[in-house]
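All remarks here apply to the structure that follows.
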Amino acid sequence: MPSNGTAEEAKQPLLDYSSTAARSKFGDGRDDDGLDLSQRVWIESKKLWHIVGPSMFSRLASFSMFVITQAFAGHLGDHELAAVSIASNVVVGFNFGLLLGMASALETLCGQAFGAKKYHMLGIYMQRSWIILFICCIFLLPLYLFASPILKLLGQPSNIAELSGVVSLWMIPLHFSFAFQFPLQRFLHYFFSAFFLCDLLLILW
């Protein structure tokens with residue numbers, strides 16, 4: 001049987017609407033049935049965009065790096081554009097998906113730690129994830145070092161495979177940055193506001 005203190009704590013509301021800050025941010029708790037449809041849609045839209053807006057911006061900033069890189073490479077020539085596209089989509093894309101999938105496990109751990117109010121475990125999980133992903137980056141490093149022979153083995157033309165190998169070598173710092181960026185994104189998602197995540201991506205960009 002739970003103690004009296006635990007039972008009283010379980011009966012406490014998650015949000016205290018009595019404070020002025022809570023009423024200004026989440027509303028005053030009154031029923032919205034008196035409002036018309038357009039006003040209710042506007043209120044719900046503001047709440048929704050307040051949550052998903054920074055997340056959408058961070059995703060666009062992450063993927064636009066590859067798009068802008070390929071757009072500038074197109075001014076150099078057709079072979080350079082093909083080399084950058086192959087290096088970005090094949091070599092970096094493969095490692096990006098693998099590291100992102102491994103970092104997604106941190107999202108579950110951080111959610112459990114945040115729900116259990118063990119906030120100190122968020123930093124511990126992030127540091128452990130840094131170490132694990134950094135070791136995985138070392139094991140995946142030969143894909144960048146030997147990108148040219150691997151692409152030739154897959155049937156790519158020799159000149160494009162050589163250029164893709166050169167581009168892959170220059171993307172090694174980006175490869176290791178994923179090991180620190182992905183866990184830090186999950187950490188900031190739960191521990192701080194999503195706007196800090198936007199600032200982080202702008203700095204990394």
Side-chain angles (χ1 to χ4, degrees), residues 14 50-70 73 83-154 156 161 163-205:
L14 295 177
H50 180 75
I51 297 173
V52 304
S55 179
M56 291 174 59
F57 178 78
S58 63
R59 293 280 180 164
L60 289 174
S62 297
F63 288 103
S64 62
M65 290 189 296
F66 301 105
V67 176
I68 294 175
T69 302
Q70 295 180 23
V84 172
S85 299
I86 292 174
S88 299
N89 297 324
V90 178
V91 181
V92 179
F94 175 78
N95 296 311
F96 181 90
L98 194 61
L99 295 174
L100 182 62
M102 296 183 63
S104 298
L106 182 63
E107 192 168 0
T108 303
L109 296 175
C110 288
Q112 293 175 351
F114 189 84
K117 296 183 179 180
K118 296 182 179 179
Y119 304 119
H120 66 283
M121 292 301 298
L122 293 173
I124 295 176
Y125 287 146
M126 181 184 67
Q127 294 170 8
R128 291 175 180 174
S129 183
W130 276 346
I131 296 173
I132 294 173
L133 290 183
F134 185 78
I135 294 174
C136 291
C137 286
I138 295 176
F139 284 110
L140 293 173
L141 189 60
L143 293 177
Y144 290 84
L145 299 177
F146 303 103
S148 294
I150 292 175
L151 292 173
K152 291 179 182 178
L153 185 63
L154 294 177
Q156 293 294 330
L163 287 175
S164 299
V166 175
V167 176
S168 298
L169 293 177
W170 284 101
M171 289 189 174
I172 290 178
L174 177 65
H175 170 64
F176 281 98
S177 69
F178 291 153
F180 298 96
Q181 178 186 352
F182 293 155
L184 194 58
Q185 284 180 351
R186 272 73 186 165
F187 174 79
L188 294 177
H189 177 71
Y190 284 97
F191 201 69
F192 294 106
S193 172
F195 289 100
F196 285 92
L197 181 59
C198 297
D199 296 337
L200 170 68
L201 287 171
L202 288 176
I203 293 174
L204 292 176
W205 205 20

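Computed over heavy atoms, backbone and side chain alike; hydrogens, waters and symmetry mates excluded.
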May I ask you to test the H175-L99 pair for a side-chain heavy-atom distance under 4.5 Å? yes
Taking side chain as C-beta onward, heavy atoms only, is C136 less than 4.5 Å from M102? yes
So which atom in L143 and which in V91 form the shortest heavy-atom distance, rounded to 0.1 Å?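 That closest heavy-atom pairing would be O-CG1, 4.0 Å.
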For the residue pair F178 and F96, categorise the inter-ring angle as parallel (less than 30°), tilted (30 to 60°) or perpendicular (more than 60°). perpendicular
Point-to-point distance, once rounded to the nearest 0.5 Å, from [atom1] of [X] to [atom2] of [Y]:
X: M126; Y: F182; atom1: CE; atom2: CZ; result: 15.5 Å
X: I132; Y: Y125; atom1: CD1; atom2: OH; result: 11.5 Å
X: L151; Y: L163; atom1: CG; atom2: CG; result: 11.0 Å
X: L133; Y: L100; atom1: CG; atom2: CG; result: 10.0 Å
X: N95; Y: L141; atom1: CG; atom2: CG; result: 9.5 Å
X: S148; Y: L153; atom1: OG; atom2: CG; result: 12.5 Å

Indicate yes or no for a side-chain donor-acceptor contact from S168 to the backbone of A87 under 3.5 Å, with no hydrogens or angles considered.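 Judged by distance alone, no pair lies under 3.5 Å.
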